[in-house]
Amino acid sequence: MEAKPKINGGGKDGRQNRSTPAINGPTNPMVTPLLTDLYQFTMAYAYWKAGKHNDRAVFDLYFRRNPFGGEYTVFAGLEECIRFIANFKLPKEEIAFVRECLSPTCEDGFFDYLGGIDCSDVEVYAIAEGSVVFPKVPLMRIEGPVAAVQLLETPFVNLINYASLVTTNAARHRFVAGKSKLLLEFGLRRAQGPDGGIGASRYCYMGGFDATSNCAAGKLFGIPLRGTHSHAFVSSFTGPDEITEKSLKSQDGSRVCKDFVSLTQTWLSKLKRLSLSEGVFGETNQSELAAFVSYALAFPDNFLALVDTYDVMRSGVPNFCAVALALNDMGYKAKGIRLDSGDLAYLSCETRKFFHNVEKEFQVLGFGKTNITASNDLNEETLDALNKQGHEVDSFGIGTYLVTCFAQPALGCVFKLVEINDQPRIKLSEDVSKVSIPCKKRSFRLYGKEGYALVDIMSGENEPPPKVGQRILCRHPFNESKRAYVVPQRVEDLMKCYWPGSAEKEREELPTLEQIRNHCMKQLEHMRTDHMRRLNPTPYKVSVSAKLYEFIHFLWLNEAPVGELQ
Ligand SMILES: Nc1ncnc2c1ncn2[C@@H]1O[C@H](COP(=O)(O)OP(=O)(O)OP(=O)(O)O)[C@@H](O)[C@H]1O
Ligand SMILES: O=P(O)(O)OC[C@H]1O[C@H](OP(=O)(O)OP(=O)(O)O)[C@H](O)[C@@H]1O
Ligand SMILES: O=C(O)c1cccnc1
Ligand SMILES: [Mg+2]
């Protein structure tokens with residue numbers, strides 16, 4: 001079943017002028033400045049008390065490891081961050097609550113200051129939403145007064161984490177399913193709450209799904225809506241006698257079939273008599289047939305049937321074909337079936353054979369190609385297994401594993417201070433992968449001769465950018481021996497300004513969901529397949545310039561105390 005929702009705008013203002021920032025607030029009204037960790041407010045107070053709150057800070061938002069054992073991630077959630085920052089304001093009631101939560105010794109002046117924060121002097125630079133991204137490279141750089149930017153940490157990380165994780169999950173499912181399959185997101189009932197459900201539908205679409213069953217997401221974001229019907233519909237019928245209104249007007253309106261139930265029964269008998277069905281089925285379930293007939297009478301243009309309530313090959317598929325052939329007599333083309341249990345490879349192949357036989361025996365052109373949708377706890381592994389076995393499924397309905405990100409529940413984005421008052425800062429760790437990369441940086445993607453991305457490189461903000469045709473040394477940020485020269489054929493400057501604050505810069509327009517999705521699909525198509533494969537994918541190289549490398553290690557040694565052996 002297909003529905004075409006009206007797109008209600010989704011808050012795209014399409015304007016670039018900062019003086020008219022008509023950016024809607026976050027999709028979820030629960031996203032307010034209070035949706036943060038208490039320590040952001042306690043730190044804000046301590047910054048304020050120390051007279052440090054307006055120190056100019058630079059934070060990077062990035063993740064450390066790709067999810068799902070893969071070597072790529074899709075960046076998502078940026079629009080929501082910009083909507084949040086564009087409308088950032090602590091109302092009186094929220095300030096009163098913060099006052100209650102903090103120590104009674106906190107001075108009044110701080111709460112006046114909190115009420116005045118509006119992010120008009122915060123700058124946000126980011127990689128385009130829907131881009132393929134890699135560990136350690138900043139997805140976003142947030143600059144501004146340290147206390148204000150600190151308040152953005154938790155909501156920003158929250159808005160990016162699940163969005164990027166589920167978009168990546170969707171992209172991975174798309175990669176395994178292949179381009180030609182229709183992918184339907186069916187996860188709302190299993191998602192982590194209403195926001196998880198709405199977010200999943202939006203970001204799965206971004207990551208390459210074709211449609212969702214979630215009506216609210218269809219209305220909010222203009223995502224195509226699709227659906228079939230459930231087992232309850234089938235089992236709610238007890239037999240053909242239940243059907244009282246049996247007439248059906250033909251598709252062109254020229255004829256009326258007074259008893260569509262009888263027409264279907266006639267077709268069922270013909271199917272039974274066919275040599276093709278010898279031994280395949282005897283008596284089909286008549287209550288199932290009644291359900292299918294009723295559905296066809298309600299939606300003659302959109303007839304589809306869930307065929308596994310009783311027995312797929314002995315009842316569901318023959319019953320479907322009987323109704324579909326009766327509809328064909330009346331000028332309608334049946335849409336297809338859904339399989340929701342059993343061996344989906346085997347059943348889809350058997351069903352396809354049955355459809356082809358019907359086409360041949362009754363000369364119904366195209367019947368063999370009738371759509372087969374499959375669902376039932378599908379995930380990357382089961383899709384991969386079906387591919388290996390060979391199957392005849394055209395569309396996959398995927399819920400639980402997709403939207404809950406069952407294979408990995410969090411991406412692990414972090415928000416780290418990299419510079420304050422023009423002083424680069426570093427966070428050290430015993431675990432090298434957790435050492436932050438200091439400095440206000442720029443990042444570039446360098447493309448090779450064959451058009452594929454070769455490496456991402458970060459450099460200090462004032463370093464000259466890499467140039468096409470000019471050899472540049474790309475160094476692993478922490479491993480001295482890992483380095484390579486690259487002569488880029490194309491250089492892409494990854495970070496754009498999405499919120500200029502008080503800087504005299506153009507604000508990047510927020511693209512529509514459809515544009516982000518297209519960008520995402522294009523980016524994934526241009527990835528080298530060895531980075532994309534499921535088993536042992538090749539890591540994509542993330543590097544720093546020679547100068548930044550030297551500086552990281554200088555700062556590292558500078559900040560790390562020398563141990564003493566006794
Ligand atoms: N050919 C196949 N190869 C690999 N996995 C499959 C194949 N067909 C189905 N699956 C998966 O196997 C699992 C079967 O689920 P389960 O064992 O619950 O049986 P079921 O078909 O749902 O049966 P029931 O009707 O009893 O619920 C699902 O996750 C499904 O996606
Ligand atoms: O399997 P998922 O990937 O989560 O896809 C969504 C599932 O939701 C529906 O039924 P539900 O699971 O509610 O009931 P069922 O398992 O008894 O069919 C549908 O029939 C799918 O099986
Ligand atoms: O439309 C469907 O078939 C559907 C929707 C949600 C969950 N399972 C199936
Ligand atoms: Mg199920």
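Counting starts at 1 for both ligands and their atoms, following the listed order. The structure presented is a predicted model; accordingly, all values stated were derived computationally and were not measured.
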Salt bridge or not for [X] and [Y], using N-O below 4.0 Å?
X	Y	value
Glu525	Lys522	no
Asp210	Arg174	yes
Asp394	Arg352	yes
Lys496	Glu508	no
Asp431	Lys434	no
Arg528	Glu450	no
Arg533	Glu71	no

Worksheet entry | Thr228 neighbourhood, listing ligand 3 atoms whose heavy-atom distance to it stays under 4.0 Å |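 Numbered from 1, ligand 3 contributes 1 (O), 2 (C), 3 (O).
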Worksheet item: Against heavy atoms of Gly227, which atoms of ligand 3 measure under 4.0 Å?
Response: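 So the atoms of ligand 3 that pass are 1 (O).
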Distance from [atom] to nearest protein heavy atom, with residue and atom:
atom	answer
atom 5 (O) of ligand 2	Gly399 N, 3.6 Å
atom 4 (O) of ligand 2	Thr400 OG1, 2.4 Å
atom 11 (P) of ligand 2	Arg190 NH2, 3.4 Å
atom 1 (O) of ligand 2	Asp377 N, 2.7 Å
atom 8 (N) of ligand 3	Phe186 CD1, 3.6 Å
atom 6 (C) of ligand 3	Arg189 NH2, 3.6 Å

Discussion item. Centre-to-centre under 6.0 Å for Phe396 and His391, is that the case here?
Written reply: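 Ring centres of His391 and Phe396 closer than 6.0 Å.
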Item to complete: May I ask you to check whether Phe320 and Phe355 place their ring centres under 6.0 Å from each other?
Response: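 For Phe355 and Phe320, the ring centres are under 6.0 Å apart.
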Item to complete: Measure Arg338 to ligand 2 on non-hydrogen atoms and call it side chain, backbone, both or neither using the 4.0 Å cut-off.
Response: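 Just the side chain.
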Practice prompt. Could you see which bit of Asp340 sits under 4.0 Å from ligand 2, with heavy atoms only: side chain, backbone, both or neither?
Written response: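 For Asp340, the contact with ligand 2 is made by the side chain alone.
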Worksheet item: Measuring to protein heavy atoms, does anything land under 4.0 Å from atom 16 (O) of ligand 2?
Response: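 Answer no: nothing from the protein, no heavy atom, is under 4.0 Å.
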Worksheet item: Is the Phe84 ring parallel, tilted or perpendicular to the Phe88 ring (thresholds 30°, 60°)?
Response: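 Phe84 vs Phe88 ring planes: perpendicular.
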Discussion item. So, using salt bridge (Lys or Arg N to Asp or Glu O under 4.0 Å) as the criterion, who are the partners of Lys369 when residues are at least two apart?
Written reply: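 Scan of Lys369 (salt bridge (Lys or Arg N to Asp or Glu O under 4.0 Å), adjacent residues dropped) gives none.
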Worksheet item: Do any nitrogen or oxygen atoms of Arg338 lie less than 3.5 angstrom from nitrogen or oxygen atoms of ligand 3?
Response: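 In this structure, Arg338 places an N or O atom under 3.5 Å from an N or O of ligand 3.
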Worksheet item: Arg226 to ligand 3: N or O pair under 3.5 Å?
Response: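 So ligand 3 has no N or O lying under 3.5 Å from an N or O of Arg226.
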Worksheet item: Judged by modelled atom types alone, do Thr382 and Asp377 share a side-chain donor-acceptor pair under 3.5 Å?
Response: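 Result is no, nothing qualifies.
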Item to complete: Answer yes if the side chains of Thr36 and Glu153 hold a donor-acceptor pair under 3.5 Å, and no otherwise.
Response: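 Checked: Thr36/Glu153 side chains show no N/O donor-acceptor pair below 3.5 Å.
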Worksheet item: Any idea which of Arg189, His229, His231 brings a heavy atom closest to atom 8 (O) of ligand 2?
Response: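 Shortest heavy-atom distance from atom 8 (O) of ligand 2: Arg189.
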Worksheet item: Under a 4.0 Å heavy-atom cut-off, which residues neighbour ligand 1?
Response: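 Residues Ser341, Gly342, Asp343, Leu344, Ala345, Asn376, Asp377, Leu378, Thr382, Ala385, Leu386, Gln389 each place a heavy atom under 4.0 Å from ligand 1, listed by chain and number.
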